[in-house]
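Note on naming: letters A, B, ... go to the chains in the order of the sequence lines (proteins, then strands), and numbering restarts at 1 for each one. Being a predicted model, the structure only gives us computed values, none of them experimental.
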Protein chains: 2
Amino acid sequence: MRKKLRDNSNETATMRLRQAGLRPTRQRNELAKLLFRDGHRHLTAEMLHAEAVAEGVKVSLATVYNTLHQFTQAGLLLQVVVDPTRSYFDTNTADHQHFYCEDENLLTDIPGPEIAVAGLPTPPPGTVIKRVDVVVHVRRS
Amino acid sequence: MRKKLRDNSNETATMRLRQAGLRPTRQRNELAKLLFRDGHRHLTAEMLHAEAVAEGVKVSLATVYNTLHQFTQAGLLLQVVVDPTRSYFDTNTADHQHFYCEDENLLTDIPGPEIAVAGLPTPPPGTVIKRVDVVVHVRRS
DNA sequence: TCAATAGTTTAGAATTATTCTAAAGAGACT
DNA sequence: AGTCTCTTTAGAATAATTCTAAACTATTGA
Ligand SMILES: [Mn+2]
Ligand SMILES: [Mn+2]
Ligand SMILES: [Zn+2]
Ligand SMILES: [Zn+2]
């Protein structure tokens, strides 16, 4: 009882899933709890699966992939493309930009006021702008 | 003889390779000619290989991959990451930015004055900025 | 309470892009 | 030409991701 009163992460996760129109299954709940427990995170499917396994959550890699894509479609995550060999998922769905360090495969948010993209260019005929991605590649020095 | 005087693409390609410190082999020459014959291009390895085959150039896909990476290391190409499933190589090695249309897998340069990235952010401790990538994702409208 | 239904999970196979291996081929230099 | 080194290539291997189809489970409404 004590525990229940202090830890509302289950209800929070369930609510988040219902609002997103996703059936709150055990696996989705557990993954949502891992994803959204602390500040913003930038994870690959493999990373999240390893974390789940390490914490004793029984879920398959296929389900992690499914879930990450469903969460992305539902607007709970953003997929970020920075590395040609892996896909990152970002729990920060606000409009923001990234540092990417290839040396350590580390993706982080650019803090504070974002880089001002001065004056969007006219998109090619027959298209409209969907999103502007800014990635600042850094190197260990 | 007439032909030789008008078409210096072979010599141009050879020179480009020598300057890059790459032995001018038949395959590298042919690929260089395809890559740099008209304006700037944005190609995947598969695309370049298909083009080579279509034009009767005998070269394996492995060599196309090798060559694209060697050209990139030599500074003749830029590798651009926009799509989690494929790698693009860009013959425009100037500092510039891209439109990417996922609907048609089309990567193009943003023409004219580039988007001004106002005030670079301070990189994470222990790192220095290597490059700033700006990709404007567009959708067919 | 409990089927019936529809949505979900999963193991394992399949797919796709890319890289590796190691043997044969070709450019460079004498 | 002969030697050396670098390059090409077929085919195998790898890695990330997706697919398949059968077993499972949340939801709903009697
Ligand atoms: Mn890839
Ligand atoms: Mn990939
Ligand atoms: Zn982020
Ligand atoms: Zn370009």
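The shortest heavy-atom contact between A/N29 and A/A13 is OD1-CB, 3.3 Å.
One can place CZ of A/F71 at 11 Å from P of C/dT8, the figure rounded to the nearest angstrom. Following rounding to the nearest Å, A/L22 (CG) and C/dA6 (C1') show an atom-to-atom distance of 15 Å. C/dT19 atom P lies 15 Å from atom NE2 of B/H49, rounded to whole Å. Atom CG in B/L48 sits roughly 13 Å away from atom P in C/dT18 (whole-Å rounding). Atom CD in A/E30 sits about 14 Å away from atom C1' in C/dT9, given to the nearest Å. For the pair B/L68 CG and C/dA17 P, the computed distance is 15 Å after rounding to whole Å. Atoms CD (B/Q27) and P (D/dC6) sit 17 Å apart, rounded to a whole Å. Put simply, CZ on B/R28 is 11 Å from P on D/dC6, counting in whole angstrom units.
Side-chain atoms of A/T63 and A/S60 form a donor-acceptor pair, as typed in the model, at a separation below 3.5 Å. Residues A/D133 and A/H98 have side chains that never bring a donor and an acceptor to within less than 3.5 angstrom of each other. Between the side chains of A/H96 and A/D90, at least one donor N or O sits under 3.5 Å from an acceptor N or O.
Here NZ of A/K130 is found 6.5 Å from CG of B/D103. Values are rounded to the nearest 0.5 Å. The structure places NE2 of A/H40 at 13.0 Å from OG1 of A/T108, a figure rounded to the nearest 0.5 Å.
For B/Q79, the CD atom counts as densely surrounded, since its 6.0 Å shell holds more than 12 non-hydrogen atoms of other residues, nucleotides or ligands.
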Sugar-phosphate or base contact per nucleotide [nucleotides 16-30 of chain D; S, B, -; heavy atom under 4.0 Å]: SBBB------BS---
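Listed pair A/S60 / C/dT10 meets the phosphate criterion, a side-chain N or O lying under 4.0 Å from OP1 or OP2. Distances shorter than 4.0 Å separate none of the side-chain N or O atoms of A/Q70 from OP1 or OP2 on C/dG7.
The rotation axes computed at either terminus of the helix from C/dT1-D/dA30 to C/dT30-D/dA1 lie 30° apart, taking five pairs at each end and rounding to 10 degrees.
The ring of B/F89 has its center closer than 6.0 angstrom to the ring center of B/H69.
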B/E55 and B/K33: CA distance, side-chain angles, deciding distance, salt bridge (charged side-chain N to carboxylate O under 4.0 Å, His left out) verdict: CA-CA 12 Å; B/E55 310 221 357; B/K33 287 199 285 184; over 6 Å; no
